[in-house]
Amino acid sequence: MTFMPQSQNTVDPVKLEKLAEVAVKVGLQLQKGQDLVITAPVVALPLVRLITKHAYKAGAGLVSAFYSDEETTLARYQYGSDESFDRASGWLYEGMAKAYANGAARLAVAGDNPMLLSEQDAGKVGRANRANSTAYKPALEKISNFDINWNIVSYPNPSWAKVVFPDDPEPIAIAKLAKAIFAASRVDVSDPVAAWAEHNANLGKRSAWLNGERFASLHFRGPGTDLTIGLADGHEWHGGASTAKNGITCNPNIPTEEVFTTPHALRVEGHVSSTKPLSHQGTLIDNIQVRFEGGRIVEAKASRGEEVLNKVLDTDEGARRLGEVALVPHSSPISASGILFYNTLFDENASCHIALGQCYSKCFLDGATLSQEQIKAQGGNSSLIHIDWMIGSDKVDIDGLKPDGSRVPVMRQGEWA
C-alpha cells in the first residue's frame, strides 16, 4: 500500500516541482558530488521526493532525509517519562554536524503545526526545547556560521493550513496555503530562477546602502516601542543570496525579503513590543513586551505563552541578548498578502524583526576569518538558540544613528525612507 499524503491532490504539482527546483538551484546551488541532508515533516514527502530528484539531477553525492511526525511528537508528551524531557537525540545531531564538517549541504522543509504543543505542559515543552537546543548546537554552529550552503523551504502541511485558514474545509485551506507559499517563494512565474536573480540584486542594493552608511545604531519608534539597537563593531549587512565559507552562494531562506546584520550584544536599550505572534516549537507566544538594559532583557511578558517565553530566555546567558536585527518593508509581498502564517520563515519577511540568541558570523567584515573570541570582542552574541520575532509595522519609524550622533531616516511608517 502506497502512502499518499492527503494534501497531494490539492497542491499544484507544476508549482511544487518548481519549488523543488528552486530549492536545489537557488536555495542551495548544490554542487556536483556534494551530499545533502534533508529534514522534513513526513506529510511533506511529495516535496522531499522532488527535491531529491532535482538534487541527484544536479549531481548530488548522497541525499539523506530525516522525517518528523506530529502524532509521534504528541505521544511523547502524553506517555513519555518525565525524565525523558531533559534528553535529546544528540547522536543524530552529532552525525549531522559531522556530515556538514565533511561538506554536506543542509535543507529543511518547514511546515509544522504551529499549535501542536499548545495544550501540552509548558514546563515539559521548555525542558525539551532546551535539551534539543543543547544537543543541536554542534550542527547549528555549522549553519549559523555559514560554514555550509543551506536552505529552508516550506510545504502546506494540512494541520498548518487549518491554523492559517480555520474557517475553510481542509482541502481548500491546503490549496490556499500552497498558493501563498508558491507566491511568496516566487515559483508562480514562468522563470523562477530568473525572478530570484532579480530579487537578490535588489536586496543587494539595500545592503550596499546600509553598509555605506556605517550606522552605529538603529532607533525604532512605534506603539509600545522605543528601542535603540547598537550595531556590532565591524558589522556587515546582508540580504538575499550569501556566499558560505565553502565558497558556494546560496539563498538560506525561501522566501526572503530581509536585509539583516548583527547587533552589539551589550548595546541594546529600551523597550519593544511584538507586532505579530511568534510560533515557537509548537507554542504560540503573542503580544511579547520586553525591556532591555545593557543589551540584556531584564523584563519580559506576553499575553499568551509567557511561561514558554521565559523558559526560552533562561536557556543560557546569550538567550536574553540579540543575535540579529533585520529590516523588511511593510509593503513586502508577504505583508501585502494579509495572511498571518504563524510561521517565522514567512511572518519575519512581512515585518522588521529581531532575533534572540546566536549571531551570524557572516554579518561581520571578513567574518570568515574571525575567531569566536574576535566575534565576541566585536559584540557578537553566542547562544544555543536563534529565535526571530517581529517588531515592525506601518506605524514604526527607524532612524540610523551615526557615531557622531547625527540621524539618517531609514524607514518611515514601515517603508524605506
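What's counted below: heavy atoms across the whole structure, side chains too, no hydrogens, waters or symmetry copies.
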Item to complete: Can you see which heavy atom on W389 is nearest to which on S273, and at what distance?
Response: CZ3-C, 4.3 Å
Worksheet item: Are any of the side-chain nitrogens in E17 or K53 under 4.0 Å away from the carboxylate oxygens of its partner?
Response: yes
Worksheet entry | Verdict with reasoning, Q31 to N149, per side chain to side chain donor-acceptor pair (under 3.5 Å) | CA-CA 10 Å; Q31 303 297 293; N149 47 322; over 6 Å; no
Worksheet, complete the sentence: Here the pair of heavy atoms bringing V325 nearest to F220 is CG2-CZ, 3.9 Å
Worksheet item: Roughly how far apart are E21 CD and K57 NZ, rounded to 0.5 Å?
Response: 7.0 Å
Worksheet entry | Whether K25 side chain and Q29 backbone form a donor-acceptor pair below 3.5 Å | no
Fill in: Sidechain-backbone polar pair: S361 side chain, G367 backbone, donor-acceptor under 3.5 Å
no
Worksheet item: Would you call D35 and N102 a side-chain contact if the rule is heavy atoms closer than 4.5 Å?
Response: no
Worksheet item: Salt bridge or not for E317 and R296, using N-O below 4.0 Å?
Response: yes
Worksheet item: Charged N to carboxylate O under 4.0 angstrom, E299 versus K301?
Response: no
Discussion item. Looking at K395, is its backbone amide N or carbonyl O close enough to the side chain of S393 to form a donor-acceptor pair, meaning the two atoms are under 3.5 Å apart?
Written reply: yes
Worksheet item: By side chain to side chain donor-acceptor pair (under 3.5 Å), which residues pair with D394, not counting sequence neighbours?
Response: none
Practice prompt. Give a yes or no on whether Q413 atom CD has more than 12 heavy-atom contacts from other residues, nucleotides or ligands under 6.0 Å away.
Written response: no
Fill in: Shortest non-hydrogen contact from V290 toward A300
CG1-CB, 3.8 Å
Worksheet item: Are the side chain of S207 and the backbone of G239 linked by a donor-acceptor contact shorter than 3.5 Å?
Response: yes
Worksheet item: How about S68 and D112: do any of their side-chain heavy atoms sit closer than 4.5 Å?
Response: yes
Worksheet item: Are L16 and P46 side-chain neighbours, meaning at least one heavy-atom pair lies under 4.5 Å?
Response: yes
Discussion item. Testing the 3.5 Å rule here: is there a donor-acceptor pair between the side chains of S303 and D286?
Written reply: no
Discussion item. Walk me through whether H219 and D226 qualify under side chain to side chain donor-acceptor pair (under 3.5 Å).
Written reply: CA-CA 7 Å; H219 184 204; D226 186 352; 2.7 Å; yes
Response to the item:
Taken in chain and number order and not counting sequence neighbours, the residues that satisfy side-chain contact (heavy atoms from CB on, under 4.5 Å) with K15 are D12, F182, D188
Worksheet item: With under 30° as parallel and over 60° as perpendicular, where do the rings of W196 and H199 fit, or are they tilted in between?
Response: perpendicular
Worksheet item: Do the charged groups of K362 and D147 touch, with an N to O distance under 4.0 Å?
Response: no
Worksheet item: Mind checking what makes side-chain contact (heavy atoms from CB on, under 4.5 Å) contact with A161, not counting sequence neighbours?
Response: A173, I174, L177
Fill in: Min side-chain heavy-atom separation D82-R127 under 4.5 Å
yes
Worksheet item: In this structure, are over 12 heavy atoms from other groups packed under 6.0 Å from E119 atom CD?
Response: no
Discussion item. Would the distance check show the side chain of N253 and the main-chain N or O of T256 forming a donor-acceptor pair, the cut-off being under 3.5 Å?
Written reply: no
Worksheet, complete the sentence: Interatomic distance, CG@L322 vs CD1@I297, rounded to 0.5 Å, equals 6.5 Å
Worksheet entry | Approximate separation, where rounding is to 0.5 Å, of F346 CZ and I254 CD1 | 10.0 Å
Fill in: Partner residues of K176 under the side-chain contact (heavy atoms from CB on, under 4.5 Å) criterion, sequence neighbours left out
F165, D168, I172
Worksheet item: Can you name the side chain to side chain donor-acceptor pair (under 3.5 Å) partners of S84, sequence neighbours left out?
Response: none
Discussion item. Is it true that E70 and S159 share a donor-acceptor pair across their side chains at a distance under 3.5 Å?
Written reply: yes
Discussion item. Run the side-chain contact (heavy atoms from CB on, under 4.5 Å) test against H386 and tell me which residues pass, sequence neighbours left out.
Written reply: E324, A355, Q358, Y360, D388
Discussion item. Can a donor-acceptor pair be found, under 3.5 Å and without considering hydrogens, that links the side chain of N151 to the backbone of N251?
Written reply: yes
Worksheet entry | Atom of V268, atom of F292 and distance for their closest heavy-atom approach | O-CB, 3.5 Å
Practice prompt. Could you walk me through whether E257 and R186 pass salt bridge (Lys or Arg N to Asp or Glu O under 4.0 Å), step by step?
Written response: CA-CA 11 Å; E257 303 290 337; R186 288 178 160 78; 2.9 Å; yes
Practice prompt. Using atom types as modelled and distance alone, determine if a side-chain donor or acceptor of N349 lies under 3.5 Å from a backbone N or O of I334.
Written response: no
Fill in: Note, Y155 side chain near L45 side chain (heavy atom, < 4.5 Å)
no
Discussion item. For K376, is the NZ atom crowded, meaning more than 12 foreign heavy atoms sit under 6.0 Å from it?
Written reply: no
Discussion item. Measuring from atom CG of L227 to atom CD1 of I354, what distance do you get when rounded to the nearest 0.5 angstrom?
Written reply: 6.0 Å
Worksheet item: With a 4.5 Å heavy-atom cut-off, do S351 and I391 have their side chains touching?
Response: no
Worksheet entry | Side-chain donor or acceptor of R321 paired with backbone N/O of A265 under 3.5 Å | yes
Worksheet item: Measuring from L278:CG to L356:CG, what's the distance to the nearest 0.5 Å?
Response: 8.5 Å
Worksheet item: Take atom CZ in R87; do more than 12 heavy atoms of anything else shown fall under 6.0 Å from it?
Response: no
Worksheet item: Within the side chain of T73, is there an N or O that forms a donor-acceptor pair under 3.5 Å with the backbone of D69?
Response: yes
Discussion item. Is it true that, when you exclude K179 itself, more than 12 heavy atoms of the residues, nucleotides or ligands shown sit nearer than 6.0 Å to its NZ?
Written reply: no
Worksheet entry | Salt bridge R130-D314, side-chain N to carboxylate O under 4.0 Å | no
Practice prompt. Determine yes or no for a side-chain-to-main-chain donor-acceptor pair under 3.5 angstrom, with T52 supplying the side chain and V48 the backbone.
Written response: yes
Worksheet item: Which heavy atom in P252 sits nearest to a heavy atom in C250, and how many Å separate them?
Response: CD-O, 3.4 Å
Discussion item. Ignoring hydrogens, what is the shortest heavy-atom contact between I385 and A319? Give both atom names and the distance.
Written reply: CD1-CB, 3.6 Å
Discussion item. Nearest 0.5 Å, please: how far is CD1 in I288 from OG in S274?
Written reply: 4.5 Å
